[in-house]
Amino acid sequence: MKVEKVMRTDLISGLVVSVVGIAGFVEALRMPRFEARNADPFTVPGLTPGIVSFVIAVLGLMLVLRALAGRGSAEPLPIGVWPEGSVKRTLFTIATVVIYGGALFGRIPFIAATTLFVFVFTVGAEWLNPQRRMGLPVLAGWALALSLVAAFVVHYVFTVVFHVRLPG
């Protein structure tokens with residue numbers, strides 16, 4: 001079978017996604033299984049990350065195969081030509097995630113850190129959106145409600161359902 005055209009963007013993206021998925025799967029396998037404590041295999045910490053990482057690796061591989069078959073987007077991804085708004089939102093996203101993971105998570109109570117992160121991220125991302133339709137007071141009210149619900153739901157799921165002790 002002769003491949004006429006390899007979709008480079010899909011090929012590179014698929015390879016990167018596959019490597020990330022495989023790395024996540026390997027790290028999930030390395031997590032403790034608590035066999036000495038006779039733990040239920042469905043409650044081990046690496047189960048969910050392992051499943052998600054495996055799916056990510058498979059989807060990355062499918063993207064690679066699609067690219068090698070010459071199927072996919074005919075237009076290359078213009079990586080160097082991002083609209084200014086996209087660059088701002090991307091940098092804002094990276095900054096807020098780094099601050100949450102590096103400065104807040106584990107240093108202050110989980111619910112407070114997560115509420116603050118979701119609130120700032122929601123308001124900031126929406127404020128940077130040129131098609132924004134809400135005024136700041138309405139946006140802040142919805143963001144506060146969303147951030148509180150998200151923080152408490154995530155806390156409940158991890159502590160009650162998965163029996164994972166969260167930092168902070």
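Sequence positions, counted from 1, serve as the residue numbers for this chain.
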Trainee: For a quick test of reading the model, state the closest non-hydrogen atom pair linking Pro167 to Gly106 and the distance between them.
Mentor: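 That would be CB-CA, 3.6 Å.
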
Trainee: Any chance you could pull the hydrophobic cluster mates of Val19, using side-chain heavy atoms under 4.5 angstrom and chaining through other members?
Mentor: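 In the cluster with Val19 there is nothing else; it is isolated.
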
Trainee: Looking at Pro49 and Ala28, what are the two nearest heavy atoms and their distance?
Mentor: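 For Pro49 and Ala28, the tightest heavy-atom pair comes out as C-CB, 4.1 Å.
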
Trainee: Output all residues satisfying side-chain hydrogen bond (donor to acceptor under 3.5 Å, both in side chains) with Arg30, sequence neighbours left out; order by chain, then residue number.
Mentor: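 So Arg30 forms a side-chain hydrogen bond (donor to acceptor under 3.5 Å, both in side chains) with Glu27.
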
Trainee: Counting only heavy atoms not in Phe92, do more than 12 fall under 6.0 Å of its CZ?
Mentor: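 Above 12, so yes.
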
Trainee: Between Arg89 (side chain) and Gly124 (backbone), is there a donor-acceptor pair under 3.5 Å?
Mentor: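 It does not hold such a pair.
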
Trainee: Could you work out, with ring-ring contact (aromatic ring centres under 6.0 Å, His included) as the rule, every residue matching Tyr100, not counting sequence neighbours?
Mentor: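 Partners of Tyr100 by the ring-ring contact (aromatic ring centres under 6.0 Å, His included) criterion, ordered by chain and then number, come out as Phe105, Phe117.
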
Trainee: Drop me the distance from Leu128's CG to Glu126's CD, to the nearest 0.5 angstrom.
Mentor: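 Answer for the CG-CD pair, Leu128 versus Glu126, is 9.5 Å.
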
Trainee: Between atom OG1 of Thr48 and atom CZ of Phe158, what is the distance when rounded to the nearest 0.5 Å?
Mentor: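 Rounded to the nearest 0.5 Å, the OG1-CZ separation comes to 8.0 Å.
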
Trainee: Without swapping roles, check the side chain of Thr96 against the backbone of Thr93 for a donor-acceptor pair under 3.5 Å.
Mentor: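 Pair found, side chain donor or acceptor close to backbone of Thr93.
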
Trainee: Begin from the C-alpha positions of Trp127 and Leu136 and carry the test side-chain contact (heavy atoms from CB on, under 4.5 Å) through to its verdict.
Mentor: CA-CA 8 Å; Trp127 195 255; Leu136 187 57; 3.7 Å; yes

Trainee: Between Leu61 and Ser18, what is the shortest heavy-atom contact and its length?
Mentor: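 What the structure gives for the nearest pair is N-OG, 3.0 Å.
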
Trainee: Nearest 0.5 Å please: distance from the CG atom of Leu148 over to the OG1 atom of Thr114.
Mentor: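 Going from the CG atom of Leu148 to the OG1 atom of Thr114 covers 11.0 Å.
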
Trainee: Would you name the heavy atoms of Gly21 and Ile56 that are closest together and state the gap between them?
Mentor: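 So the minimum-distance heavy-atom pair works out to CA-CG2, 3.8 Å.
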
Trainee: Give a yes or no on this: more than 12 heavy atoms of other residues, nucleotides or ligands lie within 6.0 Å of atom CE of Met31.
Mentor: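 Counting other residues, nucleotides and ligands, CE of Met31 exceeds 12 neighbours.
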
Trainee: Does any part of the side chain of Leu63, heavy atoms only, come nearer than 4.5 Å to the side chain of Arg66, both counted from C-beta?
Mentor: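 Yes - at least one pair of side-chain heavy atoms lies under 4.5 Å apart.
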
Trainee: Starting at CZ of Phe110, measure out to CZ of Phe152 and round the result to the nearest 0.5 Å.
Mentor: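 Output value for this atom pair is 11.0 Å.
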
Trainee: Is the backbone N or O of Leu144 less than 3.5 Å from a side-chain atom of Ser147, with the two atoms forming a donor-acceptor pair by type?
Mentor: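 Yes: the side chain of Ser147 pairs with the backbone of Leu144.
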
Trainee: Nearest 0.5 angstrom please: Thr159 OG1 to Ile111 CD1, how far?
Mentor: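 Output value for this atom pair is 8.0 Å.
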
Trainee: Taking all heavy atoms of Pro32 and all of Pro45, pick out the closest pair and write down the distance.
Mentor: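 For Pro32 and Pro45, the tightest heavy-atom pair comes out as O-CD, 3.4 Å.
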
Trainee: Rounded at 0.5 Å granularity, tell me how far CD1 in Ile99 sits from CD1 in Ile94.
Mentor: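 One finds 12.0 Å between CD1 of Ile99 and CD1 of Ile94.
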
Trainee: Say whether Val138 and Phe121 are linked into one hydrophobic cluster, either directly or through other cluster members, by side-chain heavy-atom distances under 4.5 angstrom.
Mentor: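 Yes, Val138 connects to Phe121 through the hydrophobic network.
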
Trainee: State plainly whether one hydrophobic cluster holds both Val97 and Leu116, where clusters connect Ile, Leu, Val, Met, Phe, Trp and Tyr through side-chain heavy atoms under 4.5 angstrom apart.
Mentor: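 The answer is yes; both residues are in one hydrophobic cluster.
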
Trainee: State, to 0.1 Å, how close Ala140 and Val123 come at their nearest heavy-atom pair, and which atoms those are.
Mentor: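 Heavy-atom minimum between the residues: CA-CG2, 4.3 Å.
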
